[in-house]
Amino acid sequence: MTSTRPSSVEKKPAESATAAALHVGTSDPRTLIMNNLRQSGIFVALVVIVALFAFLTDGLSLSPGNITNIVLQYSYILVLAIGMVIVIIGGHIDLSVGSVVALTGAVAAVVVVRHGQPWWVGVLAALVVGLAVGAWHGFWVAYVGIPAFIVTLAGMLLFRGLTLRVLDNVSLSPFPAEYNKIAAGFLNGLIGGDGYDAFTLLIGGIAVAGYVVSCFRTRAARVRYQQPVESFALFVARMALVGAVVMWFAWQLAHARGLPIVLIILAALVLVYGLLTRRTVFGRQVYAIGGNLSAAMLSGVKVRTVNFWIFVNMGFLSAIAGIIFSSRSNGAQPAAGNMFELDAIAAAFIGGAAVTGGVGTVVGAMVGGLIMAVMSNGMQLMGVDQSLQSVVKGLVLLVAVAFDVYNKRRAGASR
């Protein structure tokens with residue numbers, strides 16, 4: 001009996017042609033940008049905004065001291081943005097994070113300042129409260145079925161009221177020096193340096209090396225699975241550009257006060273949650289739920305469980321942000337965390353998260369948060385009135401969401 005299956009000889013030219021087509025990278029920068037317009041546009045916007053304020057402030061915004069201040073002042077917003085982008089990817093929203101920041105900071109202050117417990121006991125107490133708040137929200141959203149907007153709006157009022165009760169409507173301060181170092185401490189002089197901190201440069205070099213290794217592994221994996229890749233010249237140029245920016249940033253920090261401890265915390269969170277969203281089953285399930293809830297349910301995703309842990313995680317990160325903010329403030333205030341939820345939501349949307357869910361990245365949220373931070377810091381250096389700063393932030397958020405809508409319509413029209 002003669003087989004009708006094509007021989008391996010007959011298949012080989014076609015397969016080779018397909019593989020060759022897939023492996024051919026494009027060296028056209030415009031094509032690369034248009035193929036990934038959403039994320040590319042965010043990075044371009046960040047570069048433009050940094051350059052604009054550097055020009056308007058005569059370089060003051062890029063001074064070592066100011067760059068250190070940006071890291072210290074906006075680190076807690078970036079922490080909130082990590083959790084918020086995961087919530088938004090899952091198709092939800094959380095309006096309570098500012099109140100949870102205030103509550104967790106208040107609990108830490110009561111434990112440490114009022115009752116004289118060690119600083120680490122206050123940190124643990126704040127984390128436990130954050131996890132409990134997240135579980136509270138997760139229960140009502142996941143198992144009762146109340147929309148997250150309503151649950152977290154109620155939480156915003158509830159936990160703000162609890163903050164006032166915990167603090168008895170008064171501020172508590174100061175924290176011990178160990179607690180204060182969480183957000184205001186630096187690693188400096190560990191391995192010397194003449195006029196600069198060599199340890200900060202070493203950490204920057206390690207970060208660049210890790211990025212390069214990760215890029216090569218990702219590229220090799222894409223080639224192995226016959227996916228298209230960029231040309232090698234552009235691949236090297238991208239790594240060189242990122243490496244130069246990171247080392248410049250490290251150089252500026254090294255000439256200020258060294259490596260902020262809070263930056264180490266933030267970098268660890270970005271790495272962990274970047275892997276969590278891209279490389280784990282939980283991360284894929286979050287994207288699936290936000291992208292198409294019905295399909296996720298039919299494919300066997302335990303939607304209730306995933307939604308529950310989305311909010312538990314948000315509570316945990318809100319507690320970390322509360323610890324950082326209270327540490328930087330060196331105390332707890334009843335009005336702490338006011339409007340933080342809007343800054344976190346803005347960072348996520350500006351960073352590329354979709355209003356309808358299913359789209360977004362941790363790195364994008366970080367870039368969105370940095371855009372907000374650089375704009376706020378630059379306008380403060382220029383002495384811009386607070387009311388005008390709010391107007392500018394609102395317009396930037398509106399443009400970011402409009403860009404998301406435009407991208408979706410363009411994608412729909414091209415099908």
Straight-line distance of Thr218 OG1 to Gln227 CD, nearest 0.5 Å: 10.5 Å

Where Gly105 and Ala332 come nearest, the two heavy atoms and their spacing: O-CB, 3.6 Å

Test log, rule side-chain contact (heavy atoms from CB on, under 4.5 Å), inputs Val303 and Gln285: CA-CA 8 Å; Val303 174; Gln285 289 176 339; over 6 Å; no

Closest approach of Ser327 to Ala183 (non-hydrogen atoms, all atoms of both residues): OG-N, 3.1 Å

side-chain contact (heavy atoms from CB on, under 4.5 Å) between Met84 and Phe349, intermediate numbers included: CA-CA 10 Å; Met84 189 63 71; Phe349 282 137; over 6 Å; no

Trp248 atom CH2, neighbour heavy-atom count above 12 within 6.0 Å: yes

Test side-chain contact (heavy atoms from CB on, under 4.5 Å) applied to Thr152 and Val141, step by step: CA-CA 9 Å; Thr152 58; Val141 174; 5.7 Å; no

Heavy-atom check, side chain of Pro176 versus side chain of Val112, under 4.5 Å: yes

N/O donor-acceptor pair under 3.5 Å between Gln389 side chain and Val384 backbone: yes

Point-to-point distance, once rounded to the nearest 0.5 Å, from NE2 of His137 to CE of Met314: 10.5 Å

Pairwise side-chain contact, Tyr287 with Thr277, heavy-atom cut-off 4.5 Å (strictly under): yes

Pair Phe311 + Phe139: ring centers closer than 6.0 Å: no

Closest non-hydrogen atom pair between Val85 and Ala353, with its separation: CG2-CB, 4.1 Å

Donor-acceptor contact present, side-chain Thr200 to main-chain Leu259, <3.5 Å: yes

Shortest non-hydrogen contact between Pro260 and Leu72, atoms and distance: CB-CD2, 4.1 Å

Heavy-atom side-chain contact between Tyr74 and Val374 under 4.5 Å: no

Side-chain (Arg160) to main-chain (Pro334) donor-acceptor, under 3.5 angstrom: yes

Enclosure of Arg114 CZ (heavy-atom neighbours >12, cutoff 6.0 Å): yes

Ser99 side chain vs Phe159 backbone, donor-acceptor pair below 3.5 Å: no

Spacing of CD1 belonging to Ile320 relative to CG belonging to Leu269, to within rounding of 0.5 Å: 5.0 Å

Glu341 (side chain) donor-acceptor with Gly98 (main chain) under 3.5 angstrom: yes

Any Val246 side-chain heavy atom under 4.5 Å of Tyr211 side chain: no

Over-ring placement of Arg328 relative to Tyr76, 6.0 Å and 45° cut-offs: no

Short side-chain to backbone donor-acceptor contact, Ser376 and Ala373, under 3.5 Å: no

Minimal non-hydrogen separation, Ala344 against Leu80, with atom names: CB-CB, 3.8 Å

Atom of Ala354, atom of Ile88 and distance for their closest heavy-atom approach: O-CG2, 3.5 Å

Pairwise distance CG(Leu153) to CD1(Ile93) - rounded to 0.5 angstrom: 12.0 Å

Main-chain N/O of Leu275 paired to Arg279 side chain as donor or acceptor, under 3.5 Å: no

Minimum side-chain heavy-atom gap Ile265-Ile182 below 4.5 Å: yes

Check against side-chain contact (heavy atoms from CB on, under 4.5 Å), Val359 and Ile89: CA-CA 6 Å; Val359 176; Ile89 290 169; over 6 Å; no

Side chain to side chain, Phe249 and Leu263, heavy atoms closer than 4.5 Å: yes

Ser387 backbone acceptor or donor facing Asp385 side chain under 3.5 Å: yes

Side-chain donor-acceptor contact under 3.5 Å, Tyr273 with Asn313: yes

Gap between atom CE of Met379 and atom OG1 of Thr57 - 0.5 Å precision: 13.0 Å

Val113 and Ser173, any side-chain heavy atoms less than 4.5 Å apart: no

Parallel, tilted or perpendicular: ring planes of Tyr179 versus Phe175, cut at 30 and 60 degrees: parallel

Side-chain heavy-atom pair Val166, Thr163 within 4.5 angstrom cut-off: no

Side-chain H-bond candidate by donor/acceptor type, Asn66 with Asn377, under 3.5 Å: yes

Spacing of CG belonging to Asn180 relative to OG belonging to Ser329, to within rounding of 0.5 Å: 9.5 Å

Donor-acceptor contact below 3.5 Å, side chain Ser214 vs main chain Gly210: no

